[in-house]
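Below is one structure, written out as structure tokens; the observations come after it.
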Amino acid sequence: MKVDKNHVIKCLRQIAVLLELKNENIFKVRAFTNAARILEGHPKDLAALVETGELEKIKGIGSGHISRIIHELYDRGESKDLDELSREFPASLFDLFQIPGLGAKRIKVLYEKLGIKSVGELEYACQENRLLELEGFGARSQEKIVQGIQQLKKSAGHYLIHVAAEESKRLATYLKKQKGILKIEVAGSIRRAKEVIKDIDILVSAKNPATVHEAFVHYPETESVIAHGDTKSSIVLKSGIQCDLRTVREDEFPYALYYFTGSKEHNVAVRTFAKKKGIKINEYGLFRGSRRIVCKDEADIFEKLGFHPIPPEARENTGELELAAKREFPKLIEEKDVRGIFHVHTADSDGLVSLDEMIDAAEQAGFEYIGVSDHSQSAGYANGLEPKRLRLQWKRIDALQKRHKIRIFKGIESDILPDGKLDYSDSILAEFDFVIGAVHSRFNMSEKEMTQRILRAMGNRYFTFFGHPTGRLLLGREGYAVDLVKIIDAAKKANVIMEINANPHRLDLDWRMCQYAKKQGVLMSINPDAHSLDGLNDVKYGVGTARKGWLESGDVLNTFPAAQVEKILKRRR
DNA sequence: GCCGTTTTCGGCCCGACTGTTTTCAGTCG
């Protein structure tokens, strides 16, 4: 039996959680979490590791209990240990971990003392003030839990772009294999590269629509079927994402694609524009009276309406139509414009792969340069580098540079300390090619204090990039309070580069603020913030964000050749 | 549970914050 690596990783994490609930030794718990993380970051697939015996040699997995469990999972898809542990606690307890402030200890108390097994039961217990009777809980924590549940409900049914995009790709691949498919596209918010997705829209034209709908509702990943017709069907996938399939005639495809790509706001605005010209738009065509205006593709539709074509990412009705009507719409940055990457972590701090592997992978991916930036010394939780280890890393980079064509820039992701200082003395900072300043602590400062903190840090001449400017985690955590307009204005003055953190959990700077930053003439950079080899692929999501922010290649540092980048990095010194 | 080695068992990241306490436990990054 061939088992998905992700399944094994998930099981190891579940074992860790269950052991924690059982009050097991925390280091034992961590051993499982570590093993999951190590496996996740390992470039080789599971079959190769298991069958060559390489698995047992991996540091952190070893030849004991954990590797036995992995073998078991690989062979049978299940594990005796996990099954036995699972029997001790209801599966719905896992959901409670998503509520901020609740960890294994307190969840165990809730379960054992109040019999709470699910988020719904917890919410009810809070309404009844039942938590107040528990030791270690008070009015304040009950209130915070209620808030956490509200937040959870708000993000329920929402998915990060990478999750939805991967799901849609698999589904589209499956549908493409059906007979008689003429055209197929993923439309909707995924096509527009929105940072958070509610559902997947797939558009198909086919010779035999009914059989495509039949195949659709029988997709192996289907959890339930909401609707099953000859032009429209809806299913819910096992991952929880709702997915709609629309089929149209081949000659209707461009209109339908435009219609189902949205956004709704863009569509309303474009219909209003068109109406003034006596043209009606719907998913089946452009019509003047009852006569259809023939368009061969979306670009053609825009042209027939008198607009410069607008890329899907920019269709949010934030002024794109006005610009396109004047034929001034910018030529947006593309993934192929990206020449190099900054903000990459290695195993020297909290990355999953070694410096050597990261450099190799970036070079093989065709990047001209890479900016390595591990965490700085205050980031104890992330194994941040104190000067001694920093110097060792520099030595290794120098040695690697001799063997590699890719230009390696030495950098750091320096914590911006609460008082606005950077995390090393200026004499050390001067030795870096670049410094990414970022906030990782004391998120709860007032907006005024936080803004001052960051502005002060930006005043340091070695401060090159401002990393993940709001600290938000999409669907997870609001960003800290900060006056971004002030920060961006200051970045312009001080020649600081604003990061577009391309990790799909962040996508920070937000695309809406990219538009502002571009207007102010601030240079930006699409940074993967990669902690693994997979993380290098996140660049595409950053490009999506940049395109939503109307950025052109000239607005983005890492589309420039290495020599020019080198000059820009030195411009504050 | 894994690692490293002082080869038989101790160490494993740790400081800040929060809410509950009255000196600390749990959570988080």
Side-chain angles (χ1 to χ4, degrees), chain A residues 11-39 55-72 79 81-82 85 96-111 113 126 131-148 345 347-351 374-386 389 413 415-419 423 438-446 449 453 467-468 471-473 476-480 503 505-506 529 531:
Chain A
C11 290
L12 291 172
R13 292 223 161 93
Q14 281 177 354
I15 292 174
V17 168
L18 290 163
L19 289 173
E20 210 180 348
L21 281 170
K22 276 192 76 170
N23 240 339
E24 269 285 0
N25 179 328
I26 193 64
F27 295 108
K28 181 171 167 181
V29 172
R30 209 170 289 165
F32 280 91
T33 321
N34 283 342
R37 207 197 66 235
I38 289 160
L39 214 52
L55 182 74
E56 284 78 2
K57 296 199 189 82
I58 300 173
K59 190 167 171 270
I61 291 181
S63 54
H65 195 171
I66 288 184
S67 72
R68 271 208 310 284
I69 290 176
I70 295 174
H71 272 277
E72 212 183 346
S79 137
D81 295 69
L82 178 56
L85 282 166
L96 298 183
F97 283 87
Q98 291 179 55
I99 299 168
L102 287 188
K105 293 272 160 45
R106 307 181 92 198
I107 288 172
K108 190 177 158 77
V109 171
L110 290 170
Y111 175 56
K113 303 281 184 204
C126 288
L131 269 58
L132 302 182
E133 67 200 57
L134 297 176
E135 203 172 314
F137 288 82
R140 185 84 189 101
S141 39
Q142 181 171 279
E143 193 184 314
K144 279 192 94 172
I145 287 169
V146 170
Q147 278 171 13
H345 295 269
D348 291 345
S349 66
D350 64 346
D374 274 307
H375 284 281
S376 60
Q377 54 187 346
S378 285
Y381 58 88
N383 192 22
L385 298 172
E386 70 286 359
R389 284 199 298 140
E413 179 178 9
D415 274 24
I416 296 175
L417 304 176
D419 63 0
D423 205 7
V439 173
H440 292 102
S441 61
R442 294 283 305 276
F443 293 124
N444 58 351
M445 283 182 163
S446 71
E449 284 175 320
R453 171 184 181 181
H468 45 71
R472 75 178 181 187
L473 293 177
R477 180 180 77 201
E478 298 278 332
Y480 39 74
N503 184 310
H505 290 272
R506 295 189 183 270
D529 197 357
H531 286 73

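Sequence lines set the chain letters: A, B, ... in the order given, protein chains first and strands last, and positions in each chain run from 1.
- Per the geometry, CD belonging to Gln377(A) stands 18 Å off P belonging to dC13(B), to the nearest Å.
- Nucleotides dT20(B) and dG26(B) are separated by 10 Å at their C1' atoms, to the nearest Å.
- Listed by chain and residue number, Asp423(A) satisfy the side chain to side chain donor-acceptor pair (under 3.5 Å) test with Ser376(A) (two or more places apart in sequence, or in another chain).
- One finds the CG atom of Leu385(A) at 9.0 Å from the CD atom of Gln377(A) (value rounded to the nearest 0.5 Å).
- To the nearest whole angstrom, the two P atoms, one in dG4(B) and one in dC13(B), are 13 Å apart.
- Around the CD atom of Glu133(A), the shell of radius 6.0 Å holds more than 12 heavy atoms that belong to other residues, nucleotides or ligands.
- dA16(B) and dT21(B) are spaced 24 Å apart, taking the P atom of each and rounding to whole Å.
- Put simply, CD1 on Ile15(A) is 15 Å from C1' on dC2(B), counting in whole angstrom units.
- A donor-acceptor pair shorter than 3.5 Å cannot be found between the side chains of His468(A) and Asp529(A).
- Pair assignment for dG19(B): dC24(B), on the basis of Watson-Crick or G-U wobble contacts that are both within less than 3.5 Å.
- Remark: the backbone N or O of Gly101(A) is paired with a side-chain donor or acceptor of Arg106(A) at under 3.5 angstrom.
- In this structure, Ile26(A) atom CD1 and dG1(B) atom C1' are separated by 12 Å, rounded to whole Å.
- On the C1' atoms, dT8(B) is 32 Å away from dG15(B), given to the nearest whole Å.
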**Report entry** Reading 5' to 3' through nucleotides 4-11 of chain B, protein heavy-atom contacts under 4.0 Å coded B for base, S for sugar-phosphate only, - for none
**Finding:** S-------
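- Here Asn383(A) lies out of heavy-atom contact (under 4.0 Å) with every strand.
- The distance from atom CD1 of Ile66(A) to atom C1' of dC3(B) is 12 Å, rounded to the nearest whole Å.
- dG1(B) and dT7(B): their P atoms are spaced 23 Å apart (whole Å).
- The two atoms that bring Val29(A) and Ala16(A) nearest to each other are CG1-O, 3.5 Å, heavy atoms only.
- One P atom belongs to dT23(B), the other to dC28(B), and the distance between them is 26 Å to the nearest Å.
- If you take NE2 of His65(A) and C1' of dG1(B), they are 8 Å apart, rounded to a whole angstrom.
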Report task. Assign a letter to each nucleotide of nucleotides 18-29 of chain B from its 5' end: B, base within under 4.0 Å of a protein heavy atom; S, sugar-phosphate only; -, no contact. Result -> SSS-----SSSB
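- Atom CG in Asp415(A) sits about 12 Å away from atom P in dA16(B), given to the nearest Å.
- Listed for the Gln142(A) side chain is a donor-acceptor partner under 3.5 Å among the backbone atoms of Cys126(A).
- Rounded to a whole angstrom, the distance from the P atom of dT5(B) to that of dC12(B) is 14 Å.
- Nearer the 5' end of DNA chain B, as judged by each residue's closest nucleotide, is the contact made by Ala31(A), out of Phe27(A) and Ala31(A).
- Atom-to-atom, CG of Asp350(A) to P of dC13(B) comes out at 13 Å; the value is rounded to the nearest Å.
- Following rounding to the nearest Å, Glu386(A) (CD) and dG15(B) (P) show an atom-to-atom distance of 14 Å.
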Query raised in the report: Should Asp374(A) and Glu413(A) be marked as a side-chain contact (heavy atoms from CB on, under 4.5 Å) after you check the CA-CA gap, both sets of side-chain angles, and the distance that decides it?
Result: CA-CA 6 Å; Asp374(A) 274 307; Glu413(A) 179 178 9; over 6 Å; no
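- Atom CG of Leu134(A) and atom CG of Leu110(A) lie 6.5 Å apart (nearest 0.5 Å).
- At distances below 3.5 Å, not a single donor-acceptor pair connects side-chain atoms of Arg68(A) with backbone N or O atoms of Ser63(A).
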